[in-house]
Amino acid sequence: MRSKQNLKKIERRKLKNKEKKINQRHYILLIMAMIFAIINHTFFESATIGHNIRYNIYVFFLPISIGILFFGIYRKDFLIRTYLSFTKTYEKIYVILFYLLQGIIVSYLSFEQIASVTWNYINTREAEKNLVEIINCKVEGFYTRKNPDISFKFQNRTEVFSVSQEMNRQNYNRNPKDYSLEITIQKGIWNYYVVKHWELKSIR
């Protein structure tokens with residue numbers, strides 16, 4: 001009887017150590033994915049305006065869904081053990097929601113980022129084949145608090161450009177009706193346009 005109990009303790013200890021090593025590897029990969037996402041968003045992602053439902057489906061929702069399915073299969077044994085270790089209903093619901101949220105975040109940082117980088121590359125390459133256009137859009141508003149921006153209408157949708165702190169200080173005393181945006185663009189795919197340059201201009 002004792003030998004069986006000792007064997008179970010040894011097995012549990014081995015399993016615990018194994019999970020600890022796996023979690024350490026996952027933590028390192030997660031940090032690397034976060035760094036990659038920040039670098040990509042800051043230095044490599046092209047500024048775009050436009051909208052198409054295909055982007056939401058194929059570049060956002062589908063990759064995240066595939067990621068959740070992938071990680072669910074990959075960690076199936078761990079998830080089942082964790083779920084069965086709880087007996088109360090609210091605890092089981094909490095476990096499901098917690099790991100689902102975790103799966104969404106990890107899938108966003110991995111599968112969605114890969115899809116986003118791929119789409120950005122294809123969109124930029126396609127835009128380079130098309131003519132440069134200059135459009136003028138009326139300014140809708142100046143947001144001057146945290147993460148300041150300029151909002152405007154493009155193809156009946158509200159778009160925003162982030163602004164520097166220096167420009168933001170000037171926008172405090174500006175009336176949006178007195179300004180327009182001159183935007184240099186190139187058409188990419190799915191009705192998205194790569195923004196090459198934009199400039200705020202007075203129309204008064």
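Everything numeric in this text was worked out from a predicted model, so none of it was measured. Count residues from 1 along the sequence.
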*Do Ile22 and Arg75 come close enough that some side-chain heavy atom pair is under 4.5 Å?*
yes
Could you tabulate the donor-acceptor pairs under 3.5 Å formed by side-chain atoms of residues 25-46, not counting sequence neighbours?
from	atom 1	to	atom 2	distance (Å)
His26	NE2	Tyr74	OH	3.0
His41	ND1	Glu45	OE1	3.0
Thr42	OG1	Ile38	O	2.7
Ser46	OG	Asn120	OD1	3.4
Ser46	OG	Thr124	OG1	3.1

*asked:* For a quick test of reading the model, state the closest non-hydrogen atom pair linking Pro148 to Asn168 and the distance between them.
replied: CB-OD1, 3.2 Å
*Is there a side-chain contact between Asn191 and His51 (heavy atoms, below 4.5 Å)?*
no
*Side chain proximity check, Leu97 to Leu101, heavy atoms < 4.5 angstrom*: no
*In the hydrophobic cluster built from side-chain contacts under 4.5 Å, what are the other members alongside Tyr179?*
Ile49, Ile135, Val139, Phe142, Ile150, Phe152, Phe154, Phe161, Val163, Met167, Leu181, Ile183, Ile185, Tyr193, Val195, Trp198, Leu200
*If you measure from OG1 on Thr118 to OH on Tyr121, what distance do you get to the nearest 0.5 Å?*
10.5 Å
*Is there a donor in the side chain of Gln170 and an acceptor in the side chain of Arg174, or the other way round, less than 3.5 Å apart?*
yes
_Please check if the number of heavy atoms outside Arg81 that lie under 6.0 Å from its CZ is greater than 12._
yes
*Side-chain donor/acceptor of Asn130 to backbone N/O of Gln186, under 3.5 Å*: no
*Are the side chain of Ser107 and the backbone N or O of Ile104 linked by a donor-acceptor pair below 3.5 Å?*
no
_Ignoring hydrogens, what is the shortest heavy-atom contact between Ile64 and Glu112? Give both atom names and the distance._
CG1-CB, 4.0 Å
*Can you see which heavy atom on Ala115 is nearest to which on Pro63, and at what distance?*
CB-CG, 3.6 Å
*Please assess Gln24 against Glu19 for the test side chain to side chain contact (heavy atoms under 4.5 Å, CB included), listing each intermediate value before the final yes or no.*
CA-CA 9 Å; Gln24 287 175 344; Glu19 283 297 333; over 6 Å; no
*asked:* Do the side chains of Lys196 and Glu133 get close enough for a salt bridge, i.e. N-O under 4.0 angstrom?
replied: no
*Would you please classify the geometry between the Trp119 ring and the Tyr55 ring as parallel, tilted or perpendicular, with 30° and 60° separating the classes?*
perpendicular
*Same apolar cluster: Ile57 and Trp190, side chain cutoff 4.5 Å*: yes
*How does the hydrophobic cluster around Phe98 look, that is, which other residues are in it when side-chain heavy atoms under 4.5 Å mark a link?*
Phe78, Leu79, Phe86, Tyr94, Val95, Tyr99
*asked:* Check this for me: Glu166, atom CD, are more than 12 non-hydrogen atoms of other residues, nucleotides or ligands nearer than 6.0 Å?
replied: no
*Minimum heavy-atom distance between Lys92 and Thr87, given as atom pair plus value*: CE-O, 3.9 Å
*Closest non-hydrogen atom pair, Ser180 against Asn136*: OG-OD1, 4.3 Å
*Under the ring-ring contact (aromatic ring centres under 6.0 Å, His included) test, which residues partner Phe70, sequence neighbours left out?*
Phe111
*Looking at side-chain heavy atoms only, is the closest gap between Ser151 and Tyr143 below 4.5 Å?*
no
*Are Val117 and Ile66 connected, step by step, through hydrophobic side chains (Ile, Leu, Val, Met, Phe, Trp, Tyr) whose heavy atoms are closer than 4.5 Å?*
no
_Thr158 side chain vs Lys153 backbone, donor-acceptor pair below 3.5 Å_ = no
*asked:* Using a 4.5 Å cut-off between side-chain heavy atoms of Ile, Leu, Val, Met, Phe, Trp and Tyr, which other residues end up in the same hydrophobic cluster as Val160?
replied: none
_Connected-component partners of Leu84 among ILVMFWY, side-chain separation under 4.5 Å_ = Ile80, Tyr83, Ile96
_Heavy-atom pair of closest approach, residues Leu109 and Gln113_ = O-CG, 3.4 Å
